[in-house]
Amino acid sequence: LQAQLKKANDTLHAICSGAADKPAATGQHDDQIFALRNAEQTYRTLIEQMNDGAVIASDKHTILFCNVRFSEFIKTPREKILGSNLFDYLSKSDRSTVNTLLASATSENPSAEILLTASDGSYILAHLSLSKIIYGNSAVVCLIFTNLAERTKEFRHAKEQLRLAESKYRALVEQIPAITYMAALDDAGARLYISPQIVSILGFSPDEWLSDPESWVKQLHPEDRKRVLAEYKSSHEKGQPFRSEYRWLTRDGRTLWCYDNAVLVKDKTGKPIFFQGIVTDITEYKRATEKIYLLQSLAMAISASRNLHDALVVAIQKICNYTGWIYGEAWMPNQDGTRLERNHAFYGSIDGLEKFSEYSCGLTFTPGSGLPGRAWAEKQPLWIKDVTQDPHYLRAAIAGEVGLKMGIGFPVIADGEVVSVFVFYSLKVEEINDNLIKLILSMLSQIGLIIKRIQAEDALHESEERLRSVLD
C-alpha cells in the first residue's frame with residue numbers, strides 16, 4: 001500500500017509539474033503515463049494559445065490532455081477534466097456520432113457538428129475534427145473543437161466590416177463627379193460595371209448601359225470611334241494603361257468631351273482580366289481651351305487686316321469654320337445710323353447659297369425689321385431654329401428654296417453701341433445652344449473693340465487726307 005501511495009504521489013507531482021499530464025489507463029502490470037516531457041515547448045504554447053479547444057484522449061476515451069480553451073468551452077477547471085471521460089462533455093444525442101467518428105479515425109480524419117455540454121448545463125455548438133495517433137503499442141485520439149457560435153459571431157463581425165468598407169467605397173465611387181467602370185478586354189470594351197453618374201452625364205441608366213455590350217462603341221463620336229478603339233486594343237495588347245480624350249454622344253444627341261483613364265487589372269498569374277477606369281467630363285475645359293485659342297487666332301487675324309471689310313471677312317469665316325454654320329453675313333449701320341446695309345457674306349460650296357446671297361445684297365433693314373434689324377434693336381442674340389417657319393423672318397421664301405433652316409443674329413457691341421450685326425445660318429433645324437451663344441458673344445465683344453479701333457483709324461486717315469488736300 002505504501003508503494004502504491006508513493007507511486008500515486010509521484011504521478012500527481014509529475015502532472016502538476018508538467019512532466020506528465022495524467023495517468024491514462026491501468027494496464028496488466030502498471031499504470032500507463034502519457035508523458036509530454038519530450039514535447040517541444042513551442043508546440044505546447046501554440047496549442048495553449050489557439051482559439052479552438054484541443055483534447056487528447058486515450059482509446060478508452062479518457063482525457064489525457066486539454067488546452068485552456070476547451071476548459072473555457074465547458075466551463076470546467078482543467079484539473080477536473082484531465083482523467084475524466086470524454087463522453088461526459090458530449091450531449092447524449094451526439095455520443096453515438098462521436099463513437100462512429102472514433103471508429104473511422106484510423107483511416108481518415110472525420111469531422112461533424114456536435115453539442116458540447118458545459119458544467120452549468122448549457123450547450124455549445126461545435127465543429128469536431130479528430131485524428132488517431134499511434135504511440136508504440138498504444139493509440140491516442142486528437143480532437144479539435146471549434147466553437148461555431150463564436151466563429152459565427154466573428155464571421156458576422158467580419159461581414160459587417162466588409163459591408164461598411166464596401167459602403168464607404170461605393171459612396172466614394174458613386175459621389176465623385178465622374179464615371180467609374182470595369183470593362184471587358186473584347187474589341188467592344190463591353191462594360192462589366194458602370195457607376196450611377198452615367199445617368200447625369202450621358203442620360204442612360206446603369207442597367208440600360210450594361211444590357212448592351214456595344215453601348216460604349218455606339219455612343220463614341222463617329223469621327224473618334226476608329227481612333228479610340230485602336231487605342232483601346234493597343235493598350236490591352238501591350239499591357240499598358242488606356243488613356244484617351246474623345247467625344248461622347250449623350251442620349252439627347254449632345255456632344256461631350258471626356259478623358260478616359262483606365263488601368264489593366266491582372267490576376268495572380270499576371271494574366272489581364274479587365275480594365276478598371278474613370279471617365280471625366282472635360283467639356284467645359286475643352287470649351288475654355290478652344291475659346292482661348294479661337295479668340296487669340298481671331299484677334300491676330302483681324303489685327304492683321306488692312307481695313308474693316310477684310311476684318312469682317314476674317315471674323316465671319318473663322319466663326320463659320322468653328323461652328324459648322326454654312327452661311328454668314330455682316331451688316332453695318334449706314335452713315336446716318338438708320339439702316340443696316342450688308343458689308344460681306346461668306347458661304348460654303350452648296351448649290352443655291354449664292355442665289356440667297358445675291359438676293360440679300362440689295363436689302364436694308366431698319367431697327368426691328370427682319371432678323372438683322374431685330375438683333376440690332378434688341379442688342380441681344382436672336383436664335384430662330386427654323387427661319388422658314390418664323391412669321392417675322394422676311395426672307396423665308398428664298399431661305400426655304402435654298403435649304404436654310406436655323407438662323408441666328410448677333411449684335412456686335414462696343415462701348416454700348418452696336419457697330420455691326422453678324423447673322424449665321426445652318427442647313428438643319430437646331431435648338432438653342434446657350435454655351436455656343438456665350439462663346440460667340442465673347443468673341444464678338446473683342447471683334448467689336450477691333451472694329452471700333454479700325455473705324456477710328458479710318459476716320460483719322462480720312463481726316464488727315466482732307467487736311468492734306470486743303471493744305472495742298
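Computation of the quantities below employed the complete heavy-atom set of this structure, encompassing side-chain atoms and omitting hydrogens, waters and symmetry-equivalent molecules. Quick caveat, the model's predicted, so the values are computed rather than measured.
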Next on the checklist: Quick check against the 3.5 Å criterion: does D434 have a side-chain atom that pairs as donor or acceptor with the backbone of K438?
Outcome noted: no
Checklist entry - Is the distance between the ring centroids of Y193 and Y181 under 6.0 Å? => result no
Item to check | Expected output: side-chain K379 to main-chain G416 donor-acceptor under 3.5 Å | outcome: yes
Checklist entry - Is any NZ, NE, NH1 or NH2 atom of the basic residue among E358 and K355 found under 4.0 Å from an Asp or Glu carboxylate oxygen of the other? => result no
Next on the checklist: Minimum heavy-atom separation for L427 and K405, please, with both atom names.
Outcome noted: O-CG, 3.5 Å
Checklist entry - Under 3.5 Å, side chain of D94 to main-chain N/O of L90, donor-acceptor pair present? => result no
Next on the checklist: Give me the atom names and distance for the closest heavy-atom approach of A377 to G368.
Outcome noted: CB-N, 3.6 Å
Item to check | Shortest non-hydrogen contact from A178 toward V279 | outcome: CB-O, 3.3 Å
Checklist outcome for this item: Closest heavy-atom pair, A315 versus F422, reported as atoms and distance to 0.1 Å, is CB-CE2, 3.7 Å
Checklist entry - When rounded to the nearest 0.5 angstrom, what distance separates NZ in K226 from CG in L220? => result 14.5 Å
Next on the checklist: Just verifying a value: how many Å separate L404 CG and Y393 OH, rounded to the nearest 0.5 Å?
Outcome noted: 6.5 Å
Item to check | From W248 atom CH2 to T283 atom OG1, the distance as rounded to the nearest 0.5 Å | outcome: 10.5 Å
Next on the checklist: Please verify the inter-ring angle class for Y246 with W216; under 30° counts as parallel, over 60° as perpendicular, anything in between as tilted.
Outcome noted: perpendicular
Checklist entry - From H236 NE2 over to K233 NZ, what is the distance, rounded to the nearest 0.5 angstrom? => result 10.5 Å
Next on the checklist: For the OG1 atom of T117 and the CD1 atom of I74, what is their distance to the nearest 0.5 Å?
Outcome noted: 9.5 Å
Item to check | Residue of the set L371, L353, V402 for which side-chain contact (heavy atoms from CB on, under 4.5 Å) holds with Y425 | outcome: L371
Next on the checklist: Closer than 4.0 angstrom, basic N to acidic O: yes or no for E245 and K286?
Outcome noted: yes
Next on the checklist: Please check: side-chain N/O of Q197 versus main-chain N/O of I176, any donor-acceptor pairing under 3.5 Å?
Outcome noted: yes
Checklist entry - Do S369 side-chain atoms and G373 backbone N/O form a donor-acceptor pair below 3.5 Å? => result no
Next on the checklist: Could you tell me if the side chain of I384 sits less than 4.5 Å from the side chain of M406, heavy atoms only?
Outcome noted: no
Checklist entry - Distance-only, no hydrogens or angles: does the S426 side chain make a donor-acceptor pair with backbone N or O of K428 under 3.5 Å? => result yes
Item to check | Whether Y232 and F242 hold their rings parallel, tilted or perpendicular, with breakpoints at 30° and 60° | outcome: perpendicular
Next on the checklist: Working to the nearest 0.5 angstrom, can you tell me the gap between L312 CG and S420 OG?
Outcome noted: 5.5 Å
Checklist entry - Looking only at side chains, do E208 and S205 share a donor and an acceptor under 3.5 Å apart? => result yes
Checklist entry - Aromatic rings W325 and F424: how do their planes relate, parallel, tilted or perpendicular, breaks at 30° and 60°? => result tilted
Next on the checklist: Keeping N343 on the side-chain end and W331 on the backbone end, is there a donor-acceptor pair under 3.5 Å?
Outcome noted: no
Next on the checklist: Taking the ring of F70 and the ring of F145, is the distance between their centroids below 6.0 Å?
Outcome noted: yes
Item to check | Least distance between heavy atoms, I114 atom then V98 atom | outcome: CG2-CG2, 4.2 Å
Next on the checklist: With side-chain contact (heavy atoms from CB on, under 4.5 Å) as the test, pick out the partner of Q219 among I198, D212, L249.
Outcome noted: L249
Checklist entry - Does G189 offer a backbone N or O that forms a donor-acceptor pair with the side chain of R191 under 3.5 Å? => result yes
Item to check | Worked verdict on R395 versus E329 for salt bridge (Lys or Arg N to Asp or Glu O under 4.0 Å) | outcome: CA-CA 14 Å; R395 292 176 282 174; E329 53 190 15; 3.0 Å; yes
Checklist entry - Can you check whether A375's main-chain N or O pairs, donor with acceptor, with Q380's side chain at less than 3.5 Å? => result no
Checklist outcome for this item: For R374 and D390 the tightest heavy-atom approach is NH1-OD1, 3.7 Å
Next on the checklist: Regarding E430 and K385, does a basic nitrogen lie under 4.0 Å from an acidic carboxylate oxygen?
Outcome noted: no
Checklist entry - Can a donor-acceptor pair be found between the side chains of S235 and Q240 at a distance below 3.5 Å? => result no
Item to check | Check against side-chain hydrogen bond (donor to acceptor under 3.5 Å, both in side chains), R342 and T364 | outcome: CA-CA 7 Å; R342 202 184 73 174; T364 61; over 6 Å; no
Next on the checklist: Evaluate W376 against T366 for side chain to side chain contact (heavy atoms under 4.5 Å, CB included), listing each step before the verdict.
Outcome noted: CA-CA 9 Å; W376 182 22; T366 58; 5.7 Å; no
Next on the checklist: With a 3.5 Å distance limit and no angle check, can you tell me whether T100 reaches the backbone of S96 through a side-chain donor-acceptor pair?
Outcome noted: yes
Checklist entry - Are S91 and Y123 close enough, and set up right, to give a side chain to side chain contact (heavy atoms under 4.5 Å, CB included), and what steps lead you there? => result CA-CA 8 Å; S91 67; Y123 292 100; 3.9 Å; yes
Item to check | Verdict with supporting geometry, N334 and D336, side-chain hydrogen bond (donor to acceptor under 3.5 Å, both in side chains) | outcome: CA-CA 6 Å; N334 59 8; D336 57 11; 3.0 Å; yes
Checklist entry - Between S122 and K75, does a side chain to side chain contact (heavy atoms under 4.5 Å, CB included) hold up when you go through it step by step? => result CA-CA 10 Å; S122 61; K75 302 175 183 178; 3.6 Å; yes
